[in-house]
Amino acid sequence: MEYKFKEIEDKWQSYWSSHKTFKVDTDPERPKFYVLDMFPYPSGAGLHVGHPLGYIASDIYSRYKRLRGYNVLHPMGYDAFGLPAEQYAIQTGQPPQKTTADNIARYRKQLDKLGFSYDWDREIRTCDPSYYKWTQWAFLKMFQHWFNRESCKAEPIETLTNEFVHNGNRLVRAAHHCQKEFSAEEWLSFTDNEKEDVLMCYRIAYLGETSVNWCEALGTVLANDEVKDGLSVRGGYPVEQKKMKQWQLRVSAYAERLLEGLEDLAWSDSLKEMQRNWIGRSEGAQMDFMVNNGTETFSMTVFTTRADTVFGVTFMVLAPESEWVEKLTVPEKEKEVREYLDYVKTKTERERMTETHRVTGVFTGSYAVNPFTGKQLPVWISEYVMAGYGTGAIMAVPAHDSRDYIFARHFNLPVIPLIEGCDVSHESFDAKDGVMCNSGFLNGMPVEKAIPAAIEEVEKRQLGSRKVNYRLRDAIFSRQRYWGEPFPIYYKDGVARPLPESALPLELPLIDSFRPSGSGEPPLSNAKNWTYEGHPLEKSTMPGFAGSSAYYLRYMDPANAEALVSERDNRYWQDVDLYIGGTEHATGHLIYSRFWNKFLFDLGYVCKDEPFRKLVNQGMIQGRSSFVYRIKNTNTFVTYNLKDKYDTTEIHVDVNLVQNDRLDTDAFKAWNPEYRNADFILENGEYICGSAVEKMSKSMFNVVNPDTICSHYGADTLRMYEMFLGPLEQSKPWDTNGIDGVHRFLKKFWRMFFDKNGTLLVTEETPHGNELKVLHNLIRKVEDDIEHFSFNTTISAFMISINELTDLHCHKRSILEPLVILISPYAPHIAEELWQILGNQPSVANASFPIYNEEYTKEHTMDYPVSFNGKLRFKKTLDLDLTGAQIERFVLEDERTLKYAGGAQIRKVIVIPGKIINIVV
RNA sequence: GCUCGGGUGGUGGAAUAGGUAGACACGCAGGACUUAAAAUCCUGUGGGCAGUAAUGUCCGUACGGGUUCGAUUCCCGUCCCGAGCACCA
């Protein structure tokens, strides 16, 4: 009997689905394990072979953990709100609701074909009102809370107003952006609207004026992680900075906790590093400088990490957007400054980034005073100082900061070296080492001591204080789009007010036109009656990351109408034990979700501070594009190795027309009418294509659809092959060349059970020692590899074991049955079929993982003293290999510590007769 | 520029508390079965040199040093590739 994967896979997929084999429930009797995939955005293009890579890995792990007796939560859903569906709607008029539902149906079909063990009863979709009710609910909670820096957690806004009533805002340590200070009496004298304005500056979800990434082409603002190199990540349109009033989340309040929390997470170092960079903690000092603009004197604050260099400050620089610019520009310089600011404004963010070497700036006419030296310091404005970081103003130390140095040289400002023996004639000396000079009380100190000493002095003289700065900004939370969660906010007298919880979910209304209105209003302005009790509702919607920030909690209790997740289910499932997904979410989703989770933790809705304990980033599968070479102005194509003899154009050709770089010329002619009459110049009678590794995409004609592979080889082969391709974390091009090997292996596996005529070969004989040895070595290997996520090497181990057992002509049930269990996480369908053929109850999921027995793999030893270096005594280990040949090993007689000259400890020396080859130390 | 990864056959990749480098697979070459193809199976396959051959021998894990009885693995320096951040004061 042949291995008929098609029949087998159809049979078991429908069995699993009709029997709800993978349905899970909270079961306090059994240990839980939560394995999560980053849920996909259901795009119109469907899945390509790269998408399932992580899903296969997580499925293997889930199935393995089930066999180990865990109650495994392994859910799937869809991140269904997003830009592509909306843009498609603008182009075609098709409502996103419909296209999204269609795409989901298609995704589901494709996923089902791969044999994943998801509990589909827990499926969620972020665009479903019963789901986004809880996204809105969390937003309301953030609106109603503030962040207390004393307790370092979120607290109800009432505790803050209570504080205001008694003490004003002078004593409270809150994360806020309130400009004014007020006393208790003043607070009480405020009107309701004034009070609301103040409170808005403290809320964790707040409406605030800020410089935002505005994308004209998309008609919306974008978060920092949605912008790369000054272009939008989606679409690649230019992005400019614009001051706008937007909803924001006070993520920056959690900066320190987000940083600390990384410590105990089992994430890759590179990913943690990315988050650390993104949070961008830097320790330093905030210092006040007195400035004078000719008419008045006041203090200006700067942030520096190098307080020790204060004696070398020769000028000050403001960001063009700084609020001090206006105050410090003297009348004579007004025209010049205005011209400079206009010049800066015309530059896009992208230009500002690419022209980093251009030095520009203008003098304000004002001077600051160095508090340590009393020297006059001219105050300049330059675009190299950024408004968003620190205080938007710096003290410039050209001798020890390369940016200040370039600026000083360009505008002929003095440079004062502060480190003994450093040469600043050509470039600045930025390194934090050396001994201080020209620095008053710091002279003679090494830099690492001078930094804290300087800060201490600054504090002593009350010129400023120690300060930790973060690069992490608050998340901009409004999008001027239709296809997202509506805000549970309405406006009364122009003041934002929360909807009552009972009004949730606030459902997204159906509209006719998805375009932003002519006046730049969001699409929701086209909705009829977009009001609450006669008051206008917020018209922007939430960004993509809103729906994905707490979805892992919802899977724990997806149907709950009363709460995001019940306390009982949250206590049981706790957190995600294993999270698998792409590294592209490092500074987006993975920061936001951690923030969101910490916020809910503060409020007591969830029991874990961190949502994802272990995280594995699967690599990207790139496409391998194929090319043909058309001789210019002809319809003749020349093969790869002869192309240099002609003047050719490289053209992408559909990889499905190419096998092992050989082009199917007839299929090529049929592919596109343009090539119907194509001629070919061949080599050895074949047309060889060129190739390149590129991103897998439709436009490169290099997309390989998993459905095609499934119908050719079956899902089990695809699953194993994707794992066999290389380490999970590594990116690699998709290359079908090796898939036959894996497919052959599965056929070979099948043949262990049946002969050519389909007769069952399985016997009830007692297993032989060598057979048990193969089996138990494999058990140990599979267990080890799965725990360490090296799925590729496991498959090699399977291949070796099956070859060995085939050589031993082993068809014994007691060997084959555990083998089927071992392979079931990788190739579940064939395993189920064979499991049933062996006469067991379906399904393998109810079996348990075979137990490794060391006895079977232990080496047989006997005394056989030999000498080595005249000092060591060894035991000979007799070992039979599978062909029955003898391998001799020599093991140190006892565990005494013996030392070589280098001091290494020797435990075991393995010897091949006559020659020492292996000394284990 | 800074940070983090990584450089192993024709290819994907094995092997690191230092111990026979190249497992496993692909590809390629040769062979068996077959009228033929498909499928399946067997053999060989890092390089050089010597030998009819079994085999022997030297060189080999980006490059140059070091530690060690022994280095793909540890240390120092150089080069290259990938990823992330990037006027962050």
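Chain A is the first sequence line, chain B the second, and so forth, proteins listed ahead of strands; every chain is numbered from 1.
In B:rG9 the base sits syn relative to the sugar, since the glycosidic angle is no further than 90° from 0.
Applying the 4.0 Å criterion to OP1 and OP2 of B:rA39, one finds that A:Arg744 has every side-chain N and O outside that range. At B:rC87, none of the side-chain N or O atoms of A:Ser382 fall inside 4.0 Å of OP1 or OP2 (strictly under the cut-off). Look at A:Tyr389 and you'll find a side-chain N or O under 4.0 angstrom from OP1 or OP2 of B:rA89. OP1 or OP2 of B:rU40 sits under 4.0 Å from a side-chain N or O of A:Lys747. Checking the phosphate oxygens (OP1, OP2) of B:rG13, a side-chain nitrogen or oxygen of A:Gln730 falls inside 4.0 Å.
A:Asn792 comes within 4.0 angstrom of the backbone, heavy atoms only, and of no base. In this structure, A:Arg276 reaches neither bases nor backbone, as no heavy-atom distance under 4.0 Å exists between it and the strands shown. Note on A:Ile394: a base of the nucleic acid sits closer than 4.0 angstrom, heavy atoms only. No contact: A:Phe745 has no heavy atom under 4.0 Å from any strand. Within 4.0 Å (heavy atoms only), A:Pro733 reaches no atom of the nucleic acid at all.
Defined by atom type and a distance below 3.5 Å, a donor-acceptor pair is missing between the side-chain atoms of A:Thr301 and A:Gln286. Side chain to side chain, A:Thr360 and A:Tyr340 meet the donor-acceptor criterion of an N or O pair below 3.5 Å. For the 3.5 Å distance criterion, the side chains of A:Ser282 and A:Asn469 fail to qualify, holding no donor opposite an acceptor.
Take the nearest nucleotide of RNA chain B for A:Asp269 and for A:Lys781: the residue whose nucleotide is more 5' is A:Asp269. Nearer the 5' end of RNA chain B, as judged by each residue's closest nucleotide, is the contact made by A:Ile739, out of A:Asp807 and A:Ile739.
Residues forming a salt bridge (charged side-chain N to carboxylate O under 4.0 Å, His left out) with A:Asp288 (at least two apart in sequence, or on another chain): none.
Atom C1' of B:rA83 sits at a distance of 35 Å from the matching atom of B:rC28, rounded to the whole Å. Across B:rC4 and B:rG9, the matching C1' atoms stand 29 Å from one another, rounded to whole Å. Comparing B:rU20 with B:rG70, their C1' atoms are spaced 12 Å from each other, to the whole Å. Look at the P atom in both B:rC24 and B:rU67: the space between them is 37 Å, to the nearest Å. Nucleotides B:rG84 and B:rU45 are separated by 42 Å at their P atoms, to the nearest Å. For the P atoms, the distance from B:rA62 to B:rG7 is 8 Å, rounded to whole Å. Of the C1' atoms belonging to B:rG47 and B:rG60, the separation is 7 Å, rounded to the nearest Å. The same atom, C1', is picked in B:rG27 and in B:rG13; the two are 14 Å apart, to the nearest Å.
Picking from B:rA89, B:rU40, B:rC85 the nucleotide with the shortest atom distance to the side chain of A:Thr305 gives B:rA89. Closest contact between the side chain of A:Ile800 and the listed nucleotides B:rA23, B:rA86, B:rU40 involves B:rA23. The side chain of A:Met274 approaches B:rG84 more closely than any other nucleotide in the set B:rU3, B:rG12, B:rG84. Side chain of A:Phe724, nearest nucleotide from B:rC41, B:rC85, B:rG12: B:rG12. The side chain of A:Thr793 lies closest to B:rA15 when the candidates are B:rC85, B:rA15, B:rC24. Nearest to the side-chain atoms of A:Val385 among the listed nucleotides B:rC41, B:rA89, B:rA23 stands B:rA89. When distances run from any side-chain atom of A:Asn737 to the nucleotides B:rC26, B:rC41, B:rA89, the shortest one goes to B:rC26.
Rounded to an integer number of Å, the gap from CD of A:Glu273 to P of B:rG82 is 21 Å. Atom CZ in A:Phe754 sits roughly 19 Å away from atom C1' in B:rA39 (whole-Å rounding). Going from atom CE of A:Met799 over to atom C1' of B:rC26 covers 10 Å, rounded to whole Å. Rounded to whole angstrom, the span from the CH2 atom of A:Trp278 across to the P atom of B:rU3 amounts to 20 Å. A straight line from NZ of A:Lys732 to C1' of B:rG6 spans 15 Å, rounded to a whole angstrom. Rounded to whole Å, atom P of B:rC26 lies 14 Å from atom CE of A:Met720. Regarding A:Asn277, its CG atom lies at a distance of 14 Å from the C1' atom of B:rG1, rounded to whole Å. Atom-to-atom, CH2 of A:Trp734 to P of B:rU11 comes out at 21 Å; the value is rounded to the nearest Å.
In RNA chain B, consecutive stretches of 3 or more Watson-Crick or G-U wobble pairs with both distances under 3.5 Å are given as paired ranges: B:1-7 with B:79-85, B:10-12 with B:24-26, B:27-32 with B:40-45, B:46-50 with B:55-59, B:62-66 with B:74-78.
In this pair, A:Phe407 and A:Tyr384 present their aromatic rings tilted. The plane angle is within the 30 to 60° band. Between A:Phe789 and A:Phe791, the ring planes lie perpendicular to each other; the angle is over 60°, past the 30° to 60° tilted range.
Put simply, the side chain of A:Lys732 gets close to the backbone of A:Pro727: a donor and an acceptor are under 3.5 Å apart.
Inter-residue side-chain proximity for A:Tyr405 and A:Asp430 is flagged as unmet; no heavy-atom pair is nearer than 4.5 Å.
In this structure, A:Arg594 forms no cation-pi arrangement with A:Trp278, as its terminal cationic atom is not both closer than 6.0 Å to the ring centre and no more than 45° off the ring axis.
With A:Leu725 as the partner, the side chain to side chain contact (heavy atoms under 4.5 Å, CB included) test is satisfied by one option alone out of A:Asp735, A:Leu53, A:Ile621, A:Asn792: A:Ile621.
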